[in-house]
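Worth saying up front: this structure is predicted, and the values here are computed from it rather than measured. Just so you know, ligand 1 is whichever comes first in the structure, and atom 1 is the first atom listed for that ligand.
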Amino acid sequence: MKRATTSTIDEASWLRLDRAPGETLRAALGRTIREAIHEGSLRPGVRLPSSRGLAAELGVSRGVTSDVYAQLSAQGYIVVGDRSAPVVADVEVAGATGRVAAGVQPKPPEIDLSTWAPDTTLFPTRDWLNAVTRTLRGLPSRSLDYGDPRGEAALRVTLSGHLGRTRGVIADPERIVIVQGARQATDILFRILARRGERRIATEDPSQTIPRDQMRVYGIEPIGCPIDDHGVAVPAGLEAAALIVTPAHQFPTGVVMSGERRREVLAWARRRDGYVIEDDYDAEFRYDREPVRAIQGLDPERVAYIGTVAKTFAPAFRIGWLAVPEALADEAASTKRLMDSCSPRVDQLALARMMESGDWDRHIRRARAVYRARRDRVTEALARHLPGLEVSGVTAGLHVTLRFPPGVDDQAVAASARALGVEVLPLSNFAVEPAATGGLLIGYGHTHVSAIDRAVRRVARAVAANTG
Ligand SMILES: Cc1ncc(COP(=O)(O)O)c(C=O)c1O
């Protein structure tokens, strides 16, 4: 039995002493505390009242509480220090809620290519600390109250300029809502559309699964629109309130949407009086060509534009932005207010400061150079070890997509790769309708350049093991 390291509360004033007939005070108190530990309400690390404090609280003598604590300590339920209050021990408790028994967590893979998250070791800790410190130093006390549900004006103004400059987005600060990641942006839009009675929203096939799950919560049916080498193909007569797209780097195939398809998508939205939801999730990391402009800049009244710091900074920050058409602006703000009043204000102000100071752009440039080197290594390794297979999505983002010919089971290949110590995601995980061909997402954001060749060699072995 080891002593737990966290302590969270120093009182347990809800503990009540219910004595069963014939039960002694000591037995009743010991049983009550043991039961609370078993049911999980007193969790490992929680500090209990001192024996004196508990005795006063329960109206019993201190001798009773001291004896009970001594017994619980001997039984391994609590740890009693010389001078400190007793702490609930990290015991194995059968049936306790929320506990993960040691040893049941899966072993992490030797090389993880399954994530498309950024390398969090590149996080600019010093710049962020600077920005937070300076923000807090000058913070008026009213900034600690609830804020504008749309977010801090300073960040919206900064973003309006930044997105115009870097992505060709046309967004007045009044039309921007700061959200907690792209996920909250889609959630807000789906709530608005569901309230308007809409029951169908189109999405690229394949695509990220979370927006589809979010839609279903509001009774909206996701409609898959196939992806080919030019991006999404809008089916004739598509009936949907909106179409979600990832034009700069389609998730997960990596295809860049062609100019013609962009025009088709916008023409569909105008015809249907619907919306395009543009998820511009990793556009900052583009390596080879001129950045592709966001579709939003071509028709700001038809396109709701979403950006996030999940790739540029770290997913943990939960900061994103939603630039909406005028017709959605008021409802987007009121929906955000209902959801959480406003996003964390200090983080927003610090981010605005970092963007204004130029530290943000410097961080992106540094990270882009690191990722470009990894992308180069991945494409070289794939060309060397899997020369016959098509690779897409190399121009941007933090992953490339390896395409299999018909007949190769991508789930089986991923399982073989896992057995060889490499975690990769099968393309079929993201299908709306079952697809004729599969593939693998090779995420390189997390993987050091020195491990990439070894990882791809093992993926090639996994492919070989599953092809006839
Ligand atoms: C297609 C796509 N959009 C958006 C995101 C980011 O979502 P969030 O900002 O909620 O973390 C991801 C995450 O990796 C993604 O794959």
Side-chain angles (χ1 to χ4, degrees), residues 112-120 123 151 155 159 163 167 176-191 201-215 217 222 224-225 227 231-232 242-257 276-286 292 294-296 303-323 336 339-340 343-344 347-348 351 367 371 392-393 396-401 423-427 429-432 440-447:
D112 189 1
L113 302 179
S114 74
T115 169
W116 50 90
D119 185 341
T120 42
F123 178 71
L155 181 56
L159 271 173
L163 294 174
R167 305 293 302 126
I176 295 178
V177 181
I178 306 300
V179 289
Q180 302 216 34
R183 279 167 201 186
Q184 191 175 52
T186 46
D187 203 8
I188 288 173
L189 294 169
F190 299 159
R191 284 180 191 223
I201 291 181
T203 175
E204 297 168 323
D205 183 9
S207 58
Q208 201 198 13
T209 55
I210 285 173
R212 284 182 253 152
D213 294 338
Q214 288 176 318
M215 282 177 213
V217 172
C225 299
I227 292 289
V232 70
L243 167 60
I244 312 173
V245 290
T246 45
H249 188 235
Q250 203 274 328
F251 187 88
T253 64
V255 170
V256 179
M257 197 188 289
V276 175
I277 300 174
E278 178 174 24
D279 178 2
D280 205 23
Y281 66 105
D282 65 4
E284 293 87 351
F285 297 131
R286 177 155 292 279
V292 183
I295 286 195
Q296 192 269 3
V303 182
Y305 174 88
I306 298 171
T308 174
V309 304
K311 308 285 181 183
T312 43
F313 227 25
F317 277 84
R318 311 311 307 138
I319 299 180
W321 36 89
L322 169 63
K336 169 70 178 165
M339 289 167 96
D340 57 11
S343 287
D347 286 359
Q348 292 183 56
L351 182 60
Y371 295 137
S392 62
L398 301 179
H399 75 276
V400 298
T401 307
E423 191 71 29
V424 275
L425 288 176
L427 191 54
N429 281 8
F430 303 94
V432 180
L440 294 180
L441 271 69
I442 312 273
Y444 52 83
H446 255 349
T447 311

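- For ligand 1, the atoms lying closer than 4.0 Å to a non-hydrogen atom of Lys311 are 13 (C), 14 (O).
- Contacts between Gln208 and ligand 1 below 4.0 angstrom, taking non-hydrogen atoms only, involve the side chain exclusively.
- Near Ala310, the atoms of ligand 1 lying under 4.0 angstrom from a non-hydrogen atom of the residue are 6 (C), 9 (O), 11 (O).
- Here the two rings, on His446 and His399, have centers that are 6.0 Å apart or farther.
- Nearest protein neighbour of atom 8 (P) of ligand 1, counting heavy atoms only, is Ala182 N, 3.4 Å.
- Of the listed residues (Leu163, Ile306, Val177), just one forms a side chain to side chain contact (heavy atoms under 4.5 Å, CB included) with Trp321, and that residue is Leu163.
- Between Thr246 atom OG1 and Ile227 atom CD1 the span is 6.5 Å, to the nearest 0.5 Å.
- Counting only heavy atoms of the protein, atom 1 (C) of ligand 1 lies nearest to Asp279 OD2, 3.4 Å.
- At a threshold of 4.5 Å between non-hydrogen side-chain atoms, the residues Gln208 and Tyr281 do not count as touching.
- Of the N or O atoms in Tyr281, none lie within a sub-3.5 Å distance of an N or O in ligand 1.
- Of all the atoms in ligand 1, the ones that sit under 4.0 Å from a non-hydrogen atom of Arg183 are 10 (O).
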(message) Would Thr186 and Gln214 count as a side chain to side chain donor-acceptor pair (under 3.5 Å) here? Give the steps.
(response) CA-CA 8 Å; Thr186 46; Gln214 288 176 318; 2.6 Å; yes

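- Residue contact check for ligand 1: Gln180 places no non-hydrogen atom closer than 4.0 Å to it.
- With Ile244 as reference, Ile277 is the one residue of Val232, Leu189, Ile277 to meet the side chain to side chain contact (heavy atoms under 4.5 Å, CB included) rule.
- Here the protein heavy atom with the shortest distance to atom 13 (C) of ligand 1 is Trp116 NE1, 3.4 Å.
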(request) Please step through side chain to side chain contact (heavy atoms under 4.5 Å, CB included) for the pair Gln184 and Lys336, ending with a clear verdict. (result) CA-CA 9 Å; Gln184 191 175 52; Lys336 169 70 178 165; 2.8 Å; yes

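- Here Leu398 contributes atom CG and Ile442 contributes atom CD1; the two are 14.0 Å apart, rounded to the nearest 0.5 Å.
- Remark: ligand 1 atoms within the under-4.0 Å shell around heavy atoms of Gly181 are 9 (O), 10 (O).
- Atom numbering of ligand 1 starts at 1 in the shown order; those under 4.0 Å from a heavy atom of Phe251 are 1 (C), 16 (O).
- Distances between N or O atoms of Thr246 and those of ligand 1 include no value under 3.5 Å.
- The aromatic rings of Phe251 and Phe430 stand perpendicular to each other, their planes meeting at an angle above 60°, with 30° marking the opposite boundary.
- When the options Gln184, His399, Arg318 are ranked by their closest heavy atom to atom 10 (O) of ligand 1, first place goes to Arg318.
- Of the protein's non-hydrogen atoms, Thr308 OG1, 2.6 Å is the one closest to atom 9 (O) of ligand 1.
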